[in-house]
Structure formats: C-alpha cells, structure tokens
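Hydrogens, waters and symmetry mates are skipped; everything else that's a heavy atom, side chains included, is used. It should be emphasised that the depicted structure is a prediction, and the values quoted were computed from it without experimental measurement.
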Amino acid sequence: MSEITVTKYANYVECCPCGVFDDNSLFQKYRELWSSDDYKPNKPEIHDLRSAQLAQVTVSGILRITGLSRQFHPKASKHPIALLADDERDNFYSRMACRLSAERNPNVRVFRDHDEAVKWVAAEGEHTP
C-alpha cells in the first residue's frame with residue numbers, strides 16, 4: 001500500500017511517500033495530503049522520497065503535481081522545502097520540480113543526505129536555494 005506519512009517536528013515537517021507510485025497514485029496522495037485539514041504550509045518541509053518507488057512516475061506526473069501545488073497553494077510561502085532523493089531518477093525529477101517551483105518559492109532545494117536537508121530547513125534566517 002502506498003501512503004505519505006507526515007511527521008511534525010519543532011522547526012519543520014517531514015513528508016515521506018512510501019510504497020510504489022505511478023503518476024495517478026502519487027498525484028492522489030499529494031492531493032489528499034494538501035487538502036487535509038491537518039496540513040498547514042506554515043513551516044519548512046522535507047519531502048523524503050527515499051522510501052518511494054517512483055519508477056512509474058513520468059515527467060507528465062511531475063507537471064501534474066506541481067500544478068496541483070499551485071492550485072492548493074496559490075500564495076506559496078517562502079519557507080524552505082527540501083526534496084530528499086538518493087537515486088538518479090528521483091534526483092532528476094526533484095530538480096525538475098525545483099525549477100518549476102522557483103518563481104513561487106526560490107527556497108526549494110534537492111538533497112541526497114537527510115542530515116544536510118534537516119540542517120538546511122531547520123536553519124533560521126536566510127536560505128539560499
């Protein structure tokens with residue numbers, strides 16, 4: 001079963017997609033997350049993709065999800081968002097999502113190391129993408 005778990009920490013929120021995803025299932029899970037009454041985009045976030053199997057996700061799927069983000073968050077915050085990906089494909093898609101989001105939030109960055117991602121999102125003050 002595919003899901004996105006959310007863990008709230010003092011300085012940031014961590015979202016972890018787990019399981020096998022294709023374009024539709026990843027879109028659906030992010031729509032459920034972002035439409036939830038519990039979801040508040042008011043803190044830095046880490047989206048840890050390392051436990052997700054995304055081989056069936058396409059460029060079209062990434063475009064749909066970034067469009068969904070624009071729909072749910074028309075006034076995007078400037079909070080830092082770290083995308084954590086440890087393989088080449090996920091890293092490529094994460095960098096693509098960063099570029100697609102850059103005009104709304106320049107503080108989106110891709111990481112391979114969890115500790116570095118946490119350090120970056122939890123840091124106070126200016127963030128550089």
Side-chain angles (χ1 to χ4, degrees):
M1 181 168 139
S2 300
E3 64 181 358
I4 298 178
T5 60
V6 177
T7 307
K8 297 176 183 178
Y9 296 96
N11 296 332
Y12 66 96
V13 174
E14 190 162 311
C15 303
C16 298
C18 302
V20 178
F21 292 92
D22 61 15
D23 289 345
N24 290 329
S25 60
L26 191 61
F27 180 87
Q28 178 64 31
K29 290 298 177 181
Y30 269 102
R31 181 170 53 194
E32 289 172 14
L33 172 67
W34 290 334
S35 64
S36 167
D37 290 337
D38 293 335
Y39 181 77
K40 307 275 187 271
N42 58 1
K43 282 187 174 184
E45 295 180 6
I46 294 176
H47 292 262
D48 184 348
L49 305 173
R50 297 175 301 165
S51 295
Q53 295 175 29
L54 303 174
Q56 297 175 46
V57 175
T58 66
V59 170
S60 177
I62 300 300
L63 291 170
R64 283 182 65 208
I65 291 168
T66 55
L68 183 69
S69 177
R70 289 176 192 272
Q71 176 186 341
F72 276 104
H73 314 113
K75 296 180 180 179
S77 72
K78 302 299 185 218
H79 293 295
I81 298 173
L83 304 174
L84 187 57
D86 60 0
D87 73 26
E88 290 305 315
R89 179 186 179 87
D90 298 349
N91 197 280
F92 170 77
Y93 283 152
S94 295
R95 289 191 314 270
M96 186 175 105
C98 284
R99 286 194 278 290
L100 292 169
S101 302
E103 71 182 49
R104 295 176 50 237
N105 183 353
N107 292 315
V108 180
R109 186 172 166 192
V110 179
F111 291 85
R112 288 185 181 261
D113 182 78
H114 185 266
D115 292 340
E116 287 180 23
V118 169
K119 183 177 176 181
W120 185 72
V121 298
E124 294 195 23
E126 290 296 313
H127 286 80
T128 56

Tell me, please, which residues at least two apart from Arg112 pass salt bridge (Lys or Arg N to Asp or Glu O under 4.0 Å). Glu88
Of all heavy-atom pairs linking Asp90 and Leu49, the shortest is OD2-O, 4.1 Å
Could you give the distance from CZ (Phe92) to CD1 (Ile62), rounded to the nearest 0.5 Å? 9.5 Å
Please determine whether residues Phe72 and Leu63 belong to a single hydrophobic cluster, defined as Ile, Leu, Val, Met, Phe, Trp and Tyr linked transitively by side-chain heavy-atom distances below 4.5 Å. yes
Leu26 and Leu33: same hydrophobic cluster, using ILVMFWY side-chain contacts below 4.5 Å? yes
Is the Tyr30 ring parallel, tilted or perpendicular to the Trp34 ring (thresholds 30°, 60°)? tilted
Report the distance from atom OH of Tyr93 to atom OG1 of Thr58, rounding to the nearest 0.5 Å. 6.0 Å
So which atom in Ile81 and which in Trp120 form the shortest heavy-atom distance, rounded to 0.1 Å? O-CZ3, 3.6 Å
As an exercise, state the distance from CG of Leu83 to SG of Cys15, rounded to the nearest 0.5 Å. 10.5 Å
Check whether any side-chain heavy atom of Cys16 lies under 4.5 Å from a side-chain heavy atom of Thr7, and answer yes or no. no
For the residue pair Ser94 and Asn91, confirm or rule out a side-chain donor-acceptor distance under 3.5 Å. no
Taken in chain and number order and not counting sequence neighbours, the residues that satisfy salt bridge (Lys or Arg N to Asp or Glu O under 4.0 Å) with Arg70 are Glu103
Check: Asp22 side chain, Gln56 main-chain N or O, donor-acceptor pair, under 3.5 Å: no
Hphob cluster co-occupancy, Val6 + Leu68, side-chain heavy atoms under 4.5 angstrom: yes
Is a salt bridge present between Glu32 and Lys29, judged by a nitrogen-to-oxygen distance below 4.0 Å? yes
Please report the shortest heavy-atom distance between Val118 and Tyr12, naming the atom on each side. CG2-OH, 3.5 Å
Any donor-acceptor pair under 3.5 Å linking the side chain of Arg89 with the backbone of Val57? yes
Scan residues 41-65 for pairs that pass salt bridge (Lys or Arg N to Asp or Glu O under 4.0 Å), counting only residues two or more places apart or in two chains. Asp48-Arg50
Tell me the closest heavy-atom pair linking Leu84 and Ile46, and the distance in Å. CB-CG2, 4.4 Å
If hydrophobic clusters are built by linking Ile, Leu, Val, Met, Phe, Trp and Tyr wherever their side-chain heavy atoms come under 4.5 Å apart, do Met96 and Phe21 end up in the same one? yes
Gap between atom NE2 of His47 and atom CZ of Phe111 - 0.5 Å precision: 13.0 Å
Hey, could you give me the CD1/CD distance between Ile65 and Gln28, rounded to the nearest 0.5 Å? 11.0 Å
Rounded to the nearest 0.5 Å, the CG atom of Asp23 sits from the CZ atom of Phe27 at a distance of 10.5 Å
To check you understand the geometry: which heavy-atom pair defines the closest contact between Pro41 and His79, and what is its length? O-CD2, 3.9 Å
Minimal heavy-atom distance between Val121 and Pro80, with the atoms involved, is O-CG, 4.0 Å
